[in-house]
Amino acid sequence: MVFFGSISRGISSSLSKTRYTHYRKLRFLSNIPENTVYGGPKPQNPNQRVTLMTLRQKYKKGEAITMVTGYDYPSGVHIDMAGIDICLVGDSASMVVHGHDTTLPITIDEMLVHCRAVARGAKRPLLVGDLPFGTYESSTKQAVDTAVRVLKEGGMDAIKLEGGAPSRITAAKAIVEAGIAVIGHVGLTPQAISVLGGFRPQGRNIDSAVKVVETAMALQEAGCFSVVLECVPAPVAAATTSALSIPTIGIGAGPFCSGQVLVYHDLLGMMQHPHHAKVTPKFCKQFGQVGDVINKALLEYKEEVTNGSFPGSAHSPYKIGAADMDGFLNELQKLGFNDAASAAAAAAEKI
């Protein structure tokens, strides 16, 4: 019996070691870092993706949240490299990129193209896609279906919708209940310009100011993790920020919000065309004059192409060996392309 007991204990010990070794191999092979699922959050690495948890931590610490609206791969790359917290793919692409006078014409399919392009370039920021006009107002089913497309087909992490009407608050709630993070938007809501009578600031009288606060509160109650405040007086934004327990992101709303957002093209000073001058808002600070640099570069390019100085030898890097060149000239002559052979020989000598 002692003998068999010893064997039993040995087998049990061996199995235990095997299980532990197998567990360690599985853990090291897993693509899920240890302790991230059941062990609580790990300290944030600046090089990791920004998440809602990241934003909540910044909000609790009183650290400003940065957001930039971008529309394509290059802007996504630059926003990523700058360490911006949130990249919004906005329906303002309708005006900034497509040249329309309002945000209303852009479609969900066009928005998805912009979303995918930005997602390829911006790997670190939280990615938020706007729901364009006409894609979420009819029913909660339409709203949820559109939001799902923005995440599944657009590669976004969350969506933004303009609040105000009860139906939009209901849409926000339905989308959150479907498991999708939502940013609300109050104040000047560009999709409502038909009702507002144009791009007009909001919150400039008692009723309007109270409505800004109440709408933001309703969006918070619906489950939004943040609210954009656009074109409202700074005291109204301050009151709204104080009343909420989620971050506010200001745009033309003064310095008292939890964070700020500007459009990529606006803040870089890319808007030189009269159309762009018309749609660039008063509140935007230009942190660069990229438009002037672009115009200068295009004029220089045109001049150098016209006078023949571009491309020179420095920008004609592809060579053909002397033996191959001779053979090429012989073949051209055999084919009867004597002028072509002469042109090739002259080019080789010049380069």
Side-chain angles (χ1 to χ4, degrees), residues 65 67-73 75-76 79 84-119 121-122 125-138 142-165 167-169 171-172 174-176 178 180-194 196 199 215 219 222 224-231 247-252 259-266 279 281:
I65 295 169
M67 180 193 288
V68 172
T69 301
Y71 311 109
D72 55 20
Y73 175 80
S75 61
I79 290 168
I84 301 297
D85 296 315
I86 305 172
C87 181
L88 170 66
V89 184
D91 61 353
S92 49
S94 178
M95 302 170 73
V96 178
V97 178
H98 295 270
H100 297 296
D101 289 332
T102 72
T103 64
L104 303 185
I106 197 165
T107 67
I108 182 61
D109 290 324
E110 289 171 328
M111 282 296 300
L112 290 173
V113 171
H114 290 294
C115 288
R116 288 191 289 267
V118 169
L126 185 80
L127 302 179
V128 181
D130 255 337
L131 298 192
F133 178 72
T135 65
Y136 63 99
E137 300 90 341
S138 298
Q142 183 198 34
V144 171
D145 288 347
T146 303
V148 167
R149 289 192 69 189
V150 171
L151 266 65
K152 291 188 71 173
E153 298 177 40
M156 298 290 99
D157 301 311
I159 65 96
K160 182 177 78 65
L161 57 73
E162 295 184 7
S167 61
R168 297 189 177 208
I169 306 297
I175 294 169
V176 171
I180 298 171
V182 177
I183 295 182
H185 184 154
V186 301
L188 169 58
T189 47
Q191 292 177 11
I193 60 168
S194 177
L196 298 177
F199 294 103
T215 305
L219 287 166
C224 293
F225 71 89
S226 180
V227 174
V228 170
L229 304 177
E230 181 169 358
C231 294
T248 57
I249 308 296
I251 178 165
Q260 299 290 328
V261 57
L262 285 176
V263 170
Y264 179 83
H265 296 66
D266 291 347
V279 302

Q. Of Leu219, Thr215, Ile249, Val182, which is the lone residue that meets side chain to side chain contact (heavy atoms under 4.5 Å, CB included) with Val227?
A.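 For Val227, the side chain to side chain contact (heavy atoms under 4.5 Å, CB included) check succeeds only for Leu219.
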[X] and [Y]: which non-hydrogen atoms are nearest, and at how many Å?
X      : Y      : result
Met111 : Pro132 : CG-CG, 3.9 Å
Val128 : Met156 : C-SD, 3.7 Å
Ala178 : Val144 : CB-CG1, 3.8 Å
Asp72  : Ser75  : OD1-OG, 2.7 Å
Ile65  : Asp85  : CA-OD2, 3.5 Å
Ala119 : Gly155 : CB-O, 4.0 Å

Q.
Does this structure show an ion pair linking Arg149 with Asp109, if we count only N-O contacts that are shorter than 4.0 Å?
A.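 Looking at Arg149 and Asp109, the cut-off is met.
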Q: Step by step, work out the side chain to side chain contact (heavy atoms under 4.5 Å, CB included) result for Val150 and Ile108.
A: CA-CA 8 Å; Val150 171; Ile108 182 61; 4.0 Å; yes
From [X] [atom1] over to [Y] [atom2], what is the distance, rounded to the nearest 0.5 angstrom?
X      : Y      : atom1 : atom2 : answer
Ile84  : Leu126 : CD1   : CG    : 13.0 Å
Leu262 : Met67  : CG    : CE    : 11.0 Å
Leu151 : Thr146 : CG    : OG1   : 12.0 Å
Leu131 : Arg168 : CG    : CZ    : 10.0 Å
Cys224 : Ile169 : SG    : CD1   : 7.0 Å
Ile86  : Lys160 : CD1   : NZ    : 11.5 Å

Donor-acceptor pair, distance only, cut-off 3.5 Å: does the side chain of [X] make one with the backbone of [Y]?
X      : Y      : value
Ser226 : Ile183 : no
Gln142 : Gly134 : yes
Glu137 : Ser167 : no

Q: Tell me, with the steps shown, if Tyr264 and Ile79 meet side chain to side chain contact (heavy atoms under 4.5 Å, CB included).
A: CA-CA 8 Å; Tyr264 179 83; Ile79 290 168; 4.2 Å; yes
(Q) Below 30° counts as parallel, above 60° as perpendicular, anything between as tilted: where do the rings of His265 and Tyr71 land? (A) tilted
Q: Please examine the side chains of Asp130 and Val89, heavy atoms only from C-beta on, and report whether any two atoms are closer than 4.5 Å.
A: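 No, too far: nothing below the 4.5 Å cut-off.
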Q. Do Met95 and Thr103 come close enough that some side-chain heavy atom pair is under 4.5 Å?
A. yes
Q.
Walk me through whether His98 and His114 qualify under side chain to side chain contact (heavy atoms under 4.5 Å, CB included).
A. CA-CA 11 Å; His98 295 270; His114 290 294; 2.9 Å; yes
